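A short write-up of the structure that comes next.
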Amino acid sequence: MTATQTESAPLRLRVRRAAGAFAVALGLLLPLAAFSPAAAEETPTPSPTQTPQHAGVQLSLQPDGNGSYASGSPLTATLTLHNDATTGLGAGTVHLELGRAPLGDRRTVSAWLDGSGDAPALSPIGDVRTTVLDAEGTSRTQVVVPAGDVGALTPGVYPLQARFEATPAAADAKAPAPARSALVVAQGAPATVVTVVPITANPTGDLLSAAELTALTAPAGALTAQLNGVAGTPAVLAVDPSIPAAIRVLGAGAPATATAWLARLEALPNERFALQFGDADATAQAAAGLTAPLTVDDFEPFLNPAGKTSTTPAPTSTSTASPSQDPAAPDAIAGARTDILWPRGQVTAGQVATMSHYGPAGAGTVPILPSTSFTAGAQDAPVSSRGAVGGTAVLVSDEAVSEALSAAAEQSDAAARGDALTEANAMLWFDAPGSTVLAGLSRTGTRSEEGLSSAVTAFSGGQDGRLDRVLSGAATELAVAMGSAQDRAEAVTVLNEDAGRLAQFATILERPADLTVRERISMLRLLGVGVHTTAEDFGTALASHRAVTRKTMEAVGIQPSNPILISPKVDVPVWVRNELPYPVRVRLNVSSSDSRIDVPAATDVEAQPSSTTRVRLPLESHVANTELTLTMTLTSPTGVAIGPAQTARLTIRAEWETIGLIVFGSLGLLLIGAGIFRTIRRRRITAAKHAADGMEGSDGAADESDREELAVADIPTEKTGSASADKETNE
């Protein structure tokens, strides 16, 4: 066996150790292994459950061709040592070992690869010597094992292992755990895979916001990575319609990266179909007895928010849409077929029949269900990708292959991705040679570009992923293995009841869709296939959703008050509370416990958003003194009760008004009398002072006489003449 070191470099070098690390790197570039003849006898293998001695060092082994091996040829593989610890790994030897008996089924293969099962007997096929690996470093070695050391292998999946053993000089070094892999010896033409890739995103609200779209469609965003990963591949795209809807309803306000992303999606040649809005689970809806799936068919609240006139033109698709789609609809997906569903796998035969009519206007649909949904898929056994349940057509995704490819799609690390692809290849061996296998990747937004591209192309056979190729195959009658999730079926029923009550409540709005459309979208997102995957998580999310719905319906009501009235004819203040972000129109209905009280039976009120509106309720009493109760309720213009009824206890004391007038009148008279008294008193004091001043001397009198003469001289002529005539007359 020969081994060639192809790559070795520390990931992060410390400055003070740069020279030493460089020397180690040069040393690792030299051949690390020498031929070692295989032993004739089998050697014991360490227990697969042995605890790794050093969690910071990983050893991996990836046979070329994702584990595919032709018997009688040399075995080539890549041996990778990665040390992310802060201490180095001493020199040692990697022992390569191969089982001579193939693994019996998929469960056995999975148990071998994840270390959960008993280890089979292994034989050595060669050794690779390694040198010291610096801290935070990685080394990759290309290993070639001669055909004679591998030996003749019949078709099957064989366990392959790499095990590190420290040299005597470095016996105290902590070694990595053994690396497990598999060799797949083909038994004919390999199966090809049609891979379905979900294009989904989970917003925090009803639709993706501009900020969320900016992050998702940025060069390093999750949606960008998904398009980069499927571009140039035969992937079948399953697109959540809420993504294009969120971009289109923003119009000119949509981020430039988002509109470019949508244009790129529509330009891709990949076959595609539309998921339900929000990737909602059709199985839960069928289990709840819905004859048609829940849909979103009104985007006016987003195109024209809060009743404002929209200046954004209706969005149009730039590509030819399916004849069953409205090309002007914001959620339209150009070129998407509408005859495919992709729900959860917990179904009954009756629910499969119900879902078969979930297409637009009741058109036929074919659901994609995992192989574990059927009795034939027990123990991860392969199931034909084209099946029928009680005569109803279904497509079957191979769950074991799907899980392995999903793991590969999430890996940006080449070694980890290689392990997942080798596992997928091992699972495919159990499918019929030359068959077409359908695989559906998991709903996740953490895929890497390289991982997604590799997962789609690794086993596609260079063919386009056409669903028609799968649909045209011979159907195998299948029996379902499990019932539907009852908690989700009950949730759909409860959610629909809540939505019905909310729709009645929403009649207080000028545009009820402002509430009902958002409620529908929230329902669909709650039922999403890729979210709330456990019963506990789903139950918590359901309770939270219902609490929000109840809070919305409690946002409008009457604030309680108990005024005391002093007049038999007065306006009673009533406060109408509106915590919604929309204006509401309600009717205030009032009834009195005393028939001698006149009060309007109904008053129309328009309450502004997020405010409390004061309503003046005219009241007239035909009795002077009484106590009564007013019962007040709110209803919508259509008569729907809004909020709880409120009562106000009123006390009328009419004589208080007369007493008050007398008191205030008396106070007024006293104030006026006091003012007159002060004026008279001031004048008397002034007159007495002037009289006293006149008795003090003639100078003062002369001065006063002079002032009078000057005053007379200033009088106009006519008045002066008149004054003289008066004087003569007096004389």
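Quick caveat: nothing in here was measured; it's all calculated off a predicted structure. For the single chain, residues carry numbers from 1 onward in sequence order.
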**Study point:** Steps toward side chain to side chain contact (heavy atoms under 4.5 Å, CB included) verdict (T365, H357)
**Key:** CA-CA 6 Å; T365 56; H357 302 288; over 6 Å; no
Backbone N or O of Q161 within a donor-acceptor pair of the R180 side chain at under 3.5 Å?
no
Distance col, row L395:CG vs L369:CG, nearest 0.5 angstrom, shows 8.5 Å
Side chain to side chain contact (heavy atoms under 4.5 Å, CB included), that's the test. Do L467 and F273 meet it? Break it down for me. CA-CA 10 Å; L467 287 175; F273 65 89; 4.0 Å; yes
Separation between CG (L61) and OG1 (T78), nearest 0.5 Å, reads 8.0 Å
Value for OG1 (T422) from CG (L113), rounded to nearest 0.5 Å, stands at 8.5 Å
Requested in this report: Using a 4.5 Å cut-off on heavy atoms from C-beta on, say whether the side chain of L452 contacts that of V456.
Outcome: yes
Check: Between T354 and G350, is there a donor-acceptor pair closer than 3.5 Å when you use the side chain of the first and the backbone of the second?
Finding: yes
Shortest non-hydrogen pair, A535 vs D487, comes out as CB-OD2, 4.0 Å
> Salt-bridged, R106 to D431, with N to O below 4.0 Å?
Replying inline: yes
On a heavy-atom basis, the closest approach of P63 and L183 is CB-CD2, 4.0 Å
Paired with S384, the side-chain contact (heavy atoms from CB on, under 4.5 Å) test is passed by just one of T476, L478, V470, namely T476
Check: T295 main-chain N/O paired with R520 side-chain donor or acceptor under 3.5 Å: yes
Do V196 and S397 have side chains that approach each other closer than 4.5 Å (heavy atoms only, starting at C-beta)? no
Between F430 and P382, the two heavy atoms sitting closest are O-CG, 3.2 Å
Shortest non-hydrogen pair, A499 vs E519, comes out as CB-CG, 4.3 Å
Here the pair of heavy atoms bringing I243 nearest to A201 is CD1-N, 3.9 Å
The reported gap from CD in E423 to OG in S181 (rounded to nearest 0.5 angstrom) is 10.0 Å
Tightest non-hydrogen contact, residues A439 and L405, listed as CB-CD1, 4.0 Å
Checklist entry - Do W342 and D279 touch side chain to side chain, with heavy atoms closer than 4.5 Å? => result no
When you measure from the side chain of S110 to the backbone of R107, do you find a donor-acceptor pair of N or O atoms at a distance under 3.5 Å? no
| query | Are P178 and L59 close enough that some pair of their side-chain heavy atoms sits under 4.5 Å apart? | reply | no
**Asked** So, D398 and S371: side-chain donor and acceptor under 3.5 Å apart, yes or no?
**Response** no
Rounding to 0.5 Å, atoms OG1 (T436) and CD (Q463) come to a distance of 7.0 Å
Q) Does a donor on one side chain sit under 3.5 Å from an acceptor on the other, for T444 and S442? A) no
Pair E212, T214: side-chain N/O donor-acceptor within cut-off below 3.5 Å
no
Quick check: does any side chain N or O of S356 sit under 3.5 Å from a backbone N or O of G364, one acting as donor and the other as acceptor? no
Sorted by chain and residue number, the side-chain hydrogen bond (donor to acceptor under 3.5 Å, both in side chains) partners of R466 (sequence neighbours excluded) come out as none
(request) Look at the side chain of T392 and the backbone N and O of A388, then say whether any donor-acceptor pair between them is shorter than 3.5 Å. (result) no
field: Lys NZ or Arg CZ of R518 over F302 ring: under 6.0 Å, within 45°
entry: yes
Item checked: Side-chain heavy atoms of Q411 within contact of R447, under 4.5 Å -> no
Side-chain donor-acceptor pair under 3.5 Å between D105 and Q379, yes or no? no
inquiry  = Tell me whether Q187 contacts the main-chain N or O of G156 through its side chain, where contact means a donor paired with an acceptor under 3.5 Å.
reply    = no
Does any donor atom in the side chain of T534 or D537 lie under 3.5 Å from an acceptor atom in the other side chain?
no
One should read off an interatomic distance between T283 OG1 and Q346 CD, to the nearest 0.5 angstrom, of 8.5 Å
| task | Tell me whether the guanidinium CZ or amine NZ of R100 lies under 6.0 angstrom from the six-membered ring centre of Y158 and within 45° of its axis. | result | no
Using a distance-only test with no angle check, is there a side-chain donor-acceptor pair under 3.5 angstrom linking T257 and T217? yes
Review point. Do Q276 and Q285 get their side chains close enough for a donor-acceptor pair, meaning under 3.5 Å?
Key: yes
- [ ] Go through the steps to decide whether L441 and T195 satisfy the test side chain to side chain contact (heavy atoms under 4.5 Å, CB included), and finish with yes or no.
- [x] CA-CA 7 Å; L441 300 189; T195 306; 3.9 Å; yes
(request) Give a yes or no answer on whether the side chain of S453 reaches the backbone of E450 with a donor-acceptor pair at less than 3.5 Å. (result) no
Side-chain heavy atoms of E449 within contact of Q226, under 4.5 Å:
no
Open item on the list: Regarding R443 and D240, does a basic nitrogen lie under 4.0 Å from an acidic carboxylate oxygen?
Closed with: no
Q: Please examine the side chains of N202 and V531, heavy atoms only from C-beta on, and report whether any two atoms are closer than 4.5 Å.
A: yes
The single option from N496, V494, L502 that satisfies side-chain contact (heavy atoms from CB on, under 4.5 Å) with D498 is V494
Apply the test side chain to side chain contact (heavy atoms under 4.5 Å, CB included) to residues V109 and W429: give CA-CA distance (whole Å), side-chain angles for both, the deciding distance (0.1 Å), then the verdict. CA-CA 11 Å; V109 172; W429 184 89; over 6 Å; no
Ion pair R417/E410, N-O distance below 4.0 Å:
no
message = Using only atom types and a distance under 3.5 Å, with no angle test, would you say the side chain of N270 pairs donor to acceptor with the backbone of T233?
response = yes
Here the salt bridge (Lys or Arg N to Asp or Glu O under 4.0 Å) pairs for residues 341-369, sequence neighbours left out, are D281-R344
Can any side-chain N or O of S454 pair as donor or acceptor with the backbone N or O of G451 at less than 3.5 Å?
no
L213 and I247, any side-chain heavy atoms less than 4.5 Å apart: yes
